[in-house]
Amino acid sequence: MMATFKLFTLISALLLIILSPSVDGVTVKIEVRNFPFLNRIFLDCLDTEDANLETNNIGLIRTYTLDGQLFTENFTDFTIEELGVVKFTVTPETEGNYSCVDKDTNTTSSNSVKIVAYPSIDPSYTLPQAYRAQVGTSSPPIQCPFPVGILSNEYEVIWFRGIKKLNSSDTKYEILSNFSLIIHNTDLSDTSSGYFCQINVRNENAIGKLNEVFTQYGPDSSLTIYGDFDLVPKLQNTAVLPGSTAMFTCTVESAPQGSIRWLMNGKTPINDRFTIQPDEIESTPSSITLSSTLVISDAITEDTSELECVAYVDNGEEMLLKSEKATFIVIDNNFIPMLEFTSNGRLNLSIVFPGVILDIFTLHIRYINTADIHNTYESTLTFIDSSIIDDYQVPIDQVP
């Protein structure tokens with residue numbers, strides 16, 4: 001009797017297996033794809049009648065190709081939501097083709113679905129990234145902040161600078177296998193704070209949406225192109241009379257564009273008589289020349305000062321500074337050289353410039369004999385260490 005019962009039970013189980021629909025297909029039920037990190041997938045495991053498989057004893061098989069080699073594995077990181085429905089989260093590491101397995105009948109779906117992880121931004125790149133390159137060289141790789149998955153060849157990668165789409169067929173631009181961008185033979189026109197990548201993923205499993213494409217954008221990155229930084233010597237020591245106009249020009253050649261600041265005795269000149277003309281700018285692919293001109297109008301003796309032109313440029317890594325100085329003197333109208341004859345008929349010259357720096361002056365002396373215009377004497381003196389030249393005497397053999 002016991003043997004008969006066991007035989008009946010076995011036959012019933014076999015009939016149940018034979019009569020029960022086994023797994024025959026798999027399809028995507030729902031995809032929840034939200035920025036920035038959510039890639040949740042619901043799969044319907046279908047029976048031979050295209051109905052949901054009425055069992056919770058379900059498994060998943062994942063196949064993928066890596067470095068040209070085909071791999072197959074049992075995928076276990078999922079949950080059962082309802083009969084025949086499994087839920088899991090796909091990442092770049094778990095992309096692949098998925099098939100359902102009915103563990104009750106030990107059958108596998110006749111088809112599989114390709115699941116690609118829609119790109120999500122690596123948290124380390126959510127802030128703008130800054131890069132720099134020297135003129136004429138190649139930039140470092142500008143990162144596209146999306147993890148590279150096994151099925152990353154399913155992605156379309158497009159790079160932009162602002163609103164301009166970069167032509168990937170142009171040899172100037174190289175897109176690497178990890179989606180990063182290298183710019184070759186850089187020049188100043190490549191300087192921008194608006195480089196970003198766009199990732200397009202075509203969803204083959206879209207329900208009711210033919211060729212749905214998911215698009216994701218990376219944050220902006222900046223690239224600074226830098227080159228030489230030179231302050232062109234142009235300032236000259238200058239002396240003028242009161243009421244005169246003096247102009248001083250300072251020029252900087254740099255990459256990127258530099259700036260110029262004027263100082264008088266260490267302070268910014270603030271006066272209606274002091275004006276800074278609009279900068280003059282000339283550009284080449286490798287450098288920018290900027291000239292600034294300071295104009296001092298209706299000069300007064302109080303304008304006497306040490307002028308300084310300070311040039312600076314931010315090369316993307318540090319602020320560089322260079323400066324040039326010159327002396328500006330407004331000569332008092334009361335300045336009069338003192339001339340006198342000595343008792344022996346020799347001429348003495350005395351000149352006093354109180355309170356000013358005189359290394360910019362030279363004195364040219366010329367004597368002409370009115371009785372004999374061919375009998376002349378000329379000499380040039382330079383004021384170096386003193387503001388006084390006292391008792392200069394014409395050599396005795398040159399006295400007219």
Side-chain angles (χ1 to χ4, degrees), residues 23-46 52-53 55-104 106-126 143-157 175-180 197-209 211-219:
V23 65
D24 187 58
V26 60
T27 186
V28 175
K29 179 181 180 66
I30 303 173
E31 295 182 68
V32 182
R33 310 279 198 165
N34 293 330
F35 175 83
F37 307 119
L38 188 59
N39 276 284
R40 187 173 298 150
I41 308 297
F42 294 80
L43 294 183
D44 266 340
C45 293
L46 306 176
N52 273 31
L53 195 64
T55 179
N56 284 331
N57 197 14
I58 299 175
L60 290 178
I61 291 179
R62 170 180 174 242
T63 60
Y64 60 94
T65 301
L66 183 62
D67 296 330
Q69 186 174 355
L70 180 65
F71 293 88
T72 300
E73 66 178 18
N74 289 319
F75 184 76
T76 59
D77 191 12
F78 64 89
T79 58
I80 304 295
E81 292 296 294
E82 55 184 282
L83 285 179
V85 178
V86 297
K87 180 187 76 172
F88 66 97
T89 298
V90 65
T91 68
E93 292 75 24
T94 58
E95 293 176 327
N97 292 284
Y98 284 82
S99 303
C100 286
V101 174
D102 181 355
K103 295 182 179 179
D104 290 335
N106 195 27
T107 55
T108 303
S109 59
S110 59
N111 73 313
S112 63
V113 290
K114 182 187 295 182
I115 304 295
V116 178
Y118 286 1
S120 56
I121 293 179
D122 187 320
S124 64
Y125 287 97
T126 53
Q143 298 298 319
C144 183
F146 299 105
V148 178
I150 294 172
L151 298 181
S152 60
N153 59 325
E154 304 286 334
Y155 299 172
E156 178 189 20
V157 183
I175 299 178
L176 305 182
S177 59
N178 66 350
F179 314 143
S180 59
C197 63
Q198 172 184 319
I199 300 289
N200 298 327
V201 181
R202 189 171 302 281
N203 182 9
E204 297 179 350
N205 309 310
I207 302 174
K209 297 179 182 179
N211 292 329
E212 180 188 50
V213 176
F214 178 85
T215 298
Q216 183 69 284
Y217 299 93

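Here, residue 1 is the first one in the sequence, and each next residue gets the next number.
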**Asked** Can you tell if the side chain of Leu43 reaches within under 4.5 Å of the side chain of Val85, non-hydrogen atoms only?
**Response** no
**Prompt:** Got a sec: does the CG of Asn56 have more than 12 other heavy atoms crowding it under 6.0 Å?
**Reply:** yes
**Prompt:** So do Tyr98 and Phe88 actually touch side chain to side chain, heavy atoms under 4.5 Å?
**Reply:** yes
**Request:** Run the numbers on Thr79 and Val86 for side chain to side chain contact (heavy atoms under 4.5 Å, CB included), then give the verdict.
**Result:** CA-CA 6 Å; Thr79 58; Val86 297; over 6 Å; no
**Request:** Flag the pair Asn178 / Gln143 as yes when at least one side-chain heavy-atom distance between them is below 4.5 Å, and no otherwise.
**Result:** yes
**Asked** Are any non-hydrogen side-chain atoms of Ser180 and Cys197 less than 4.5 angstrom apart?
**Response** no
**Asked** Can you name the nearest heavy-atom pair linking Phe78 to Ile58, along with the distance?
**Response** CZ-O, 3.5 Å
**Request:** Measure the OG1-CG distance between Thr27 and Asn111 for me, rounded to the nearest 0.5 Å.
**Result:** 7.5 Å
**Asked** Would Asn52 and Leu83 count as a side chain to side chain contact (heavy atoms under 4.5 Å, CB included) if you check the C-alpha gap in whole Å, the side-chain angles of each, and the deciding distance to 0.1 Å?
**Response** CA-CA 7 Å; Asn52 273 31; Leu83 285 179; 5.6 Å; no
**Prompt:** Got more than 12 heavy atoms from elsewhere within 6.0 Å of CG, Asp77?
**Reply:** no
**Message:** Can you give me the closest heavy-atom contact between Ser99 and Thr108, atom names plus distance?
**Reply:** CB-CG2, 3.9 Å
**Item:** CD-NZ distance between Glu95 and Lys114, expressed to the nearest 0.5 angstrom
**Value:** 10.5 Å
**Asked** Taking all non-hydrogen atoms of both residues, which atom of Arg62 and which atom of Glu93 are closest, and how far apart?
**Response** NH2-O, 2.9 Å
**Validation row: Leu60, Val101 side chains within 4.5 angstrom (heavy atoms)** = no
**Request:** Check the angle between the aromatic planes of Phe71 and Tyr64 and answer parallel, tilted or perpendicular using the 30° and 60° thresholds.
**Result:** parallel
**Prompt:** If you measure only the distance, is there a donor-acceptor pair under 3.5 Å linking the side chains of Thr89 and Asn39?
**Reply:** no
**Prompt:** Rounded to the nearest 0.5 Å, how far apart are CD1 of Ile41 and NZ of Lys87?
**Reply:** 11.5 Å
**Side-chain heavy-atom pair Ser109, Cys45 within 4.5 angstrom cut-off** = no
**Message:** Between Val26 and Leu46, is there a side-chain heavy-atom distance shorter than 4.5 Å?
**Reply:** no
**Message:** Within this structure, what is the CD-CZ distance for the pair Gln216 and Phe146, rounded to the nearest 0.5 Å?
**Reply:** 4.5 Å
**Asked** Roughly how far, to the nearest 0.5 Å, is the CG atom of Asn97 from the OG1 atom of Thr72?
**Response** 10.0 Å
